[in-house]
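Below is one structure, written out as structure tokens; the observations come after it.
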2 protein chains.
Amino acid sequence: MSYRAPLDSYRLLLADVVGYDRVAATDRFSEASMETVEAVLTEAGRMCEEVLAPLRRQGDLDPARLENGVVRTSKGFAEGYAAIAEGGWVASSADPAHGGMGLPLTVTTCVNDMMSAACLALQLSPLMTQGQIEALEHHASDAIKALYLPKLVTGEWAGTMNLTEPQAGSDVGALTTRAEPNGDGSYAITGQKIYITWGDNDFTGNVCHLVLARLPGAVPGTKGISLFLVPKYLPDADGNPGVANTLKVVSLEHKLGLHGSPTCVMEYDGATGWLVGEEHDGMRAMFTMMNNARLGVGVQGIGVAEGAFQHALAYAQERKQGRSPEGTIIGHADVRRMLATMKAQTFAARAIGLATAVAIDMANATGGAEWTARAALLTPIAKAFGTDTGIEVASTGVQVHGGMGYVEETGAAQFMRDVRVTAIYEGTNGIQAMDLVGRKLMDGGEAAYRLMDEICTTAEDARGAFPDLAEALWQATEDLRETTEALVAMEPAARFAGAVPFLRGFALVLGAGYHLRAAMARREGGEARLARFYIERILPETAGCLAHARSGADSLMALSPEDLVA
Amino acid sequence: MSYRAPLDSYRLLLADVVGYDRVAATDRFSEASMETVEAVLTEAGRMCEEVLAPLRRQGDLDPARLENGVVRTSKGFAEGYAAIAEGGWVASSADPAHGGMGLPLTVTTCVNDMMSAACLALQLSPLMTQGQIEALEHHASDAIKALYLPKLVTGEWAGTMNLTEPQAGSDVGALTTRAEPNGDGSYAITGQKIYITWGDNDFTGNVCHLVLARLPGAVPGTKGISLFLVPKYLPDADGNPGVANTLKVVSLEHKLGLHGSPTCVMEYDGATGWLVGEEHDGMRAMFTMMNNARLGVGVQGIGVAEGAFQHALAYAQERKQGRSPEGTIIGHADVRRMLATMKAQTFAARAIGLATAVAIDMANATGGAEWTARAALLTPIAKAFGTDTGIEVASTGVQVHGGMGYVEETGAAQFMRDVRVTAIYEGTNGIQAMDLVGRKLMDGGEAAYRLMDEICTTAEDARGAFPDLAEALWQATEDLRETTEALVAMEPAARFAGAVPFLRGFALVLGAGYHLRAAMARREGGEARLARFYIERILPETAGCLAHARSGADSLMALSPEDLVA
């Protein structure tokens, strides 16, 4: 079997690390007991192992292609998608009122993790649909909700998001796509959008595009942007796909990886669409979608890290080496170090991702401001650290394979190629870090300090069982606290200069806290040994990250563009 | 122009950082004055900019392929190779007695750096030939030298090295290729070799393979291995390519990158070869070749880092972004941070590479034991840190490009794909690190401490001009010294567990020392600002690396293979 769902890891994390019991104790999620969740994850895991994992390599070798303006997907992807839809895994958190299972996002996060590990290219399709469902649930009219949500939730139709234009990358405010009122409540959308993930497919009855565009007379910048739902086929009176809309896929990108996922250039030529949310308020709805998707993308990194780790571990266990004590390369200290690092970082990233999901579930279930702030604080960390971890772990997986890692047949390189974009899309990791030190510290660091207090409590609780690890964690957390205080006192420009290393330092400390909780739960187990490995050998990286962050902007911005050229 | 030779960087490094004047002051290299070297590098740089750089993308899009047992190279590669050969750049350090220019390896290192940046896939061919020339110069009989060296030095013929077999990767001692005496002084070689870089081409008159094989009755392991020269065409009485030898390319690997460089599976079916060096002493000759090649591979990483940096910088300077102060993305602090890190790390890695080359030149020119020890110490650091830097910088280059970086047309991803293997071949970077903490500390750390003393002297010299930077460098060097003392006191197994982070910490300290020397030479220049950036923001990473190294083996090897699986 090429992938094994890490069910025991979820069990440990949910029960003993991220406090899932609090989610199950809410009224809203009272049916999602640990027993139910385990059954759900077992079922989803089996589908990922048996149906999706075999498609990973297939999608790479047999890319999605454009034939006469229609996307033809990789062999087997239609069947794989059908399995996802039939299992209810397209959107397992969606509102039961629209046919969803209403499961906590924490559970969906585990399912997304497994689907990403098994076949990232295909998983991108439901991830896009999940984001669209979230946006429509919050911002669409009742008529749109009634028409579209049931079809999206079941996976009968798929969703996409259309932000980027050729001249406007991360600067969404610069977009120029136009929307003209048709006079009947609909709008005519005209413009070109790029990097549209799963902009088309040949396995759903319709593809629904959420498109950012400007109404006549809209002010420049992000305040003049509205959001429109633009389906590939216009629904007929019965809500079934009818006449083809005036939109098309112009071309597909030739990418480093994710060959099974068509990345489209879309052209809208007076295509019919309907407003979602208020006029000129499209960014707010889009942020709902992107915020959801940020955790989803972080989890893609975690899933790929798991897949790459399992792949490298299997290789190391079977690759014979006479001189190693074990008879295989796993006996070599440096191979052991690489594998342990992969496993320990994947655990840390997954814990952060699930802690984020728990915070979102608690915010949704209780409306508590502290949970909302916690979710907002953790989301950029989960996105950036999850995807950075995916990239690092996949690269280390290539290294474990030695020369075989560089040969595509092995499959190790594909993880690295596929996951690389996750640090870029849904807001680059640099943008995530700026969000963390900018918007997310605007409370004076309150939400951050509250989280650090909890990590310190974890350290205190562990002083008896693991005194040296507890002390190291406590010290690193204090270093993080002092750095946060320094950042809060800085101008935004100075914070931005050290944003990326600050985010990494923050994540490493969180990871150490979660490792120590796992060690406390299984004091004689491999978890305790992994926690020791992480805290002794990886956590010390934090000091360098935080020193960088405390440097402010001076020594960076003193370097002029001319200095860089010279 | 897609690549600009960094001539000013070489000028600064040679004159003020790595002390090239000492090389030019030796009898052996007295003709290679700074003026001469500058003229040589200008000439080589022009060839790289004008002839080689346009081939980079071509090789990627139009891979080398196997047609009826013959390798067909990418369009333009034959002309590119001809330019390299005509310029004398195949082996500019080779002995003038065999037609070489006899230039210091320091100069060849700069040329290799530029060729790697311009077109790594093609540069691999002369790099292989350089290693073969070195091995033959040291170990071959006079007859073989007279016949082969002039042809190899001019580039008329090319060389390869054949170590790896399917069942024996880094464990060379496990190889099974056989050599039977033919009774006429030649041998019949039979076996299969894999990962043979440039195992064939269509632009040289002959391809000369150095093949490791076992003679009848040889003991198992590395002590029973001999080295043979096995040409594609057997030289006739006049030394011209004659009858085809019984060897062939069976297949080419489908690799992550370096598509222009054919990586061959070679089959020897009783092929005629001649012994190089003594019977059963092949590993010594092969180590000569590999030792040379290790620096060469490290420099490949540096060259690609330079290419990727220039590519990203050009993009950042032209990518419009309304909200940035400069009007382009280079105005954003995080983009500036990425570019500055790329430039600063490339400088550090290049300085280490050139310091290694100077040590090798001084050892060759003076026979001094301290220089020999310095060269031996620095070589694994130059290889591993050079290639790790290439990989990191190329990945950051993709990130600077945002979504465009993931699209192959941009060219950013190719740097990342191409350079990834350099951390693997010529001994994985893990093996380099084990060499550093094992063999290279067998002198009780003497050579290492001598190098640290020099860095401390640099720090002392800078206390007036840059007191804070000098102090930070001094502290980091003391941390490195204490860690080295701790490693020297450990068992080898404990050293190996932290070998990779130790090597990185060592390299970061060296890099800081070289940056500070550059700052002292140009106190008002961008170099001083870059040194401050590096020492304030990157050097602090050292502490984490060294803490990891000091941890020994316990917390690593306590993790059993079963713990990793669970």
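Keep in mind that this is a model prediction, so the values were computed, not measured. Just so we're on the same page: letters track the sequence lines, and every chain starts at 1.
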Can you tell me which portion of Glu253(A) sits under 4.5 Å from chain B's heavy atoms? Options are side chain, backbone, both or neither. side chain
In terms of ring plane angle, is the pair His254(A) and His259(A) parallel, tilted or perpendicular, where the classes change at 30° and 60°? tilted
Can you tell which part of Val398(B) gets under 4.5 Å to a heavy atom of chain A, answering side chain, backbone, both or neither? both
Matching residue for Val419(B) among Ile391(B), Asp388(B), Leu258(B) - test: side-chain contact (heavy atoms from CB on, under 4.5 Å): Ile391(B)
What part of Ala340(B) gets closer than 4.5 Å to chain A, counting heavy atoms only: side chain, backbone, both or neither? both
Checking heavy atoms, do the side chain of Glu527(B), its backbone, both or neither come under 4.5 Å from chain A? neither
Below 4.5 Å from any heavy atom of chain B, which atoms of Ala497(A) appear? Answer side chain, backbone, both or neither. both
Leu313(B) versus chain A, heavy atoms under 4.5 Å apart: side chain, backbone, both or neither? side chain
Non-hydrogen atoms of chain A under 4.5 Å away: do they reach the side chain of Pro501(B), the backbone, both or neither? side chain
How long is the gap from CZ on Arg336(A) to OG1 on Thr341(A), to the nearest 0.5 Å? 12.5 Å
At a heavy-atom separation under 4.5 Å, does Val565(A) approach chain B through its side chain, its backbone, both, or neither? both
Region of Glu536(B) in contact with chain A, defined by heavy-atom distances below 4.5 Å: both
Is it the backbone or the side chain of Ser560(B) that comes under 4.5 Å from a heavy atom of chain A, or both, or neither? backbone
Part of Ala423(B) within contact of chain A (heavy atom distance under 4.5 Å): both
Side chain / backbone / both / neither for Lys343(B) at chain A, heavy atoms under 4.5 Å: side chain
Between Arg504(B) and Glu392(B), does any side-chain N to carboxylate O distance fall below 4.0 Å? yes
Counting only heavy atoms closer than 4.5 Å, note whether Met338(A) contacts chain B via side chain, backbone, both or neither. neither
The interface call for Phe533(B) against chain A, heavy-atom contacts under 4.5 Å, is both
Greatest number of heavy atom pairs closer than 4.5 Å to chain B - which of Ser555(A), Ala174(A), Gly544(A), Ala314(A): Ser555(A)
Go through the atoms of Arg417(B) and report whether side chain, backbone, both or neither lie under 4.5 Å from a heavy atom of chain A. both
